[in-house]
**Student:** 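This is the structure, below, for whatever I ask next.
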Amino acid sequence: MRSLSILAYVLLGILLVAGAMGNWVNSYIQLVIMYIGINIILSSSLNLVNGYMGEFSVGHAGFMAVGAYITSVLNVWFFTDSTIFGPSLFPPVSAVVLFPVTLLIGGIGAALAGLLVAIPSFRTRGDYLAIITLAVNYIVKSSIENLQVIGGARGFMGMGGVVNAMKSAVPVPWVLIWVLIATGLTIWVLYRFVNSTYGKGIVAIRDDEIAAEIMSVDTRRMKMVAFMLSSGLAGIAGGLFAHVLGYINPGTFTIMKSTEVLVMVYLGGMGSLSGSVLSAVILTVGLELFRSFQVWKWVVVPLLLILLMLFRPEGLFGHRELTDVFPWLGRRFAKKERQV
Amino acid sequence: MQWGSFYALIALGYTLVYGVLLLINFAHGDIFMVGAYIGFFIATLLLGHYTAALPFALSPTAIFVLSLILTMILTAGVGVAIERVAYRPLRRKGVSRLYVVITALMCGLILENGNLALLGASRRSFPELLPKAVYTVGGVVISNIKILVIVTTILVFLLLETIVRKTKIGMAMRAISYDRMAVPLMGIPVDTVIVFTFILGSSMAALAGVLFATAYPVLEPYMGALVGWKAFIAAVLGGIGEIRGAFLGGFLLGFIEIFVAAYFPSTLRDLIAFSILLMFLTVKPTGIFGVARATKI
């Protein structure tokens with residue numbers, strides 16, 4: 001049953017890529033789809049910490065920034081002739097093979113930054129942890145602003161060259177493909193993780209940390225794993241984001257961005273992967289539709305969330321999956337929501 | 001000293017609300033911003049910048065005092081309205097604290113962006129109401145506004161300390177923070193006390209807002225965000241929920257920032273301030289005056 005949904009996702013992905021190549025899907029829709037994918041990665045990875053583990057992390061954009069910068073700097077350094085790093089280290093064609101490697105390195109870098117949050121989290125919980133994550137977000141942002149080598153506050157560009165290098169080797173929409181693959185893998189990894197015996201420890205920490213400790217859950221280790229996994233995935237999302245846009249600056253990765261992800265998590269519901277996916281889709285598409293309203297959208301979105309909190313505080317799918325809400329889906333498809 | 005005073009003033013508001021409700025009022029920094037804006041509009045109205053001019057002219061100092069008081073009242077109204085509309089229904093439902101915190105965060109965003117959408121991104125400059133005077137005491141140059149800010153902060157601190165420790169309502173506030181379930185049984189009107197807390201906290205923010213606008217006469221919708229976060233850090237540094245802690249933490253953060261700005265390039269200010277916070281919380285997770293809460297079994 002599960003393989004069926006994976007198959008469905010792969011088919012959907014192939015369809016999208018084919019559509020993009022055959023110009024049936026125009027570039028704007030492609031862009032929106034890529035945003036949706038990135039937002040799904042962000043919201044579901046934050047849900048691991050905020051929803052499943054019950055901590056309150058508000059600095060997800062910081063990890064995203066780390067991943068985005070590491071990946072883009074490596075890619076520009078390796079595969080393009082840039083003014084900052086000189087000629088390319090590897091032939092630009094090798095970007096096709098090495099892009100996932102740099103993406104992964106970005107993720108690992110972000111995971112290491114996640115340690116900055118994980119270690120203080122052993123002793124603090126709840127409110128104080130919120131400050132720590134916030135502080136990490138600010139630290140990341142202002143460190144990048146102070147690193148003049150990679151552009152400082154002016155931002156960093158050149159990722160377009162990398163994308164072009166990949167395209168000139170094999171002419172397919174590479175970034176779209178990588179976003180689709182990363183999104184699928186993220187959902188798969190998180191799904192397997194939270195449903196594994198080992199991953200149940202995370203839910204145990206949420207429900208009662210001390211009882212979990214007594215029941216021989218290694219809470220320190222669990223927290224470290226959860227934080228690092230979550231921030232690592234955010235880093236990968238950041239790397240993809242950088243290549244979708246072709247330009248990043250520290251101003252993108254502020255509390256505003258973190259809040260956007262938070263909104264997605266809580267709109268979808270804590271501890272619910274399908275909720276995260278669904279709300280990422282709804283919110284991304286919704287924000288695109290209301291782009292013309294500009295500032296007002298940031299009045300309406302929080303207002304909606306407040307109303308949601310008042311009338312349905314657990315979010316759309318609080319601690320439930322789509323299969324729990326519609327049992328026939330489970331029988332039919334087993335996690336149909338994995339289709340983006 | 002002056003920055004420290006602002007942080008301390010706002011941190012006092014944070015800590016007051018947190019102490020009673022155990023709620024991080026993330027909207028507090030934006031209430032500060034709203035306070036500054038309300039102050040601006042009242043002051044310009046009194047100065048007669050609009051068509052509705054007053055029949056009699058007031059001296060600038062009188063306008064300052066009057067607009068300060070009016071701003072505090074109006075901003076307290078804003079704070080209470082937020083509590084009434086957003087926090088109280090949630091509290092009644094007895095949902096997890098986390099949801100209230102998120103609601104607070106969202107309220108802050110609404111205030112910020114609502115202001116941006118309504119009034120536009122253009123900056124406004126606060127009218128200069130107090131004549132600037134500069135004194136030199138023992139080689140240290142200090143302006144009258146700085147003195148005013150610092151003295152106000154100390155007075156507010158003493159006032160709050162007295163209210164919380166000596167009066168009946170202060171005792172009720174502490175009782176609510178200690179055990180929310182038992183307090184209504186003792187015949188204490190919980191909602192009244194909480195509203196009172198919000199009135200106090202918001203008027204502190206308004207006071208800080210008007211003083212800030214007097215010292216740095218540029219208003220913009222996002223002015224509350226960074227100052228608010230910093231004040232929050234100050235509150236945490238001192239041990240949140242503890243009035244003395246907020247006071248001390250505010251000044252401490254102010255000093256740290258000034259020193260950093262003096263020895264390093266000023267772009268590093270935020271970086272170092274936040275790093276210090278991070279290290280501090282790793283070593284002592286509950287702040288200077290904080291007491292670890294009893295763990296649940």
**Student:** Enter the distance from A:F56:CZ to B:L105:CG here, rounded to the nearest 0.5 Å.
**Tutor:**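 Output value for this atom pair is 6.0 Å.
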
**Student:** Measure distances from A:V263 to the heavy atoms of chain B and classify the residue's part below 4.5 Å as side chain, backbone, both or neither.
**Tutor:** side chain

**Student:** Quick one: are A:I306 and B:V85 in side-chain contact, heavy atoms under 4.5 Å?
**Tutor:**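 Side chain of A:I306 against side chain of B:V85, heavy atoms only: no contact under 4.5 Å found.
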
**Student:** Less than 4.5 Å to any heavy atom of chain A: does that hold for the side chain of B:Y87, its backbone, both, or neither?
**Tutor:**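 No part of it gets close to chain A.
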
**Student:** Give, as side chain, backbone, both or neither, the part of B:L109 having an atom under 4.5 angstrom from any heavy atom of chain A.
**Tutor:** both

**Student:** Quick check on B:R174: does its CZ atom have over 12 non-hydrogen neighbours (other residues, nucleotides or ligands) under 6.0 Å away?
**Tutor:**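 It does: B:R174 CZ has more than 12 such atoms within range.
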
**Student:** Side chain, backbone, both or neither: which part of A:L134 has a non-hydrogen atom closer than 4.5 Å to chain B?
**Tutor:** side chain

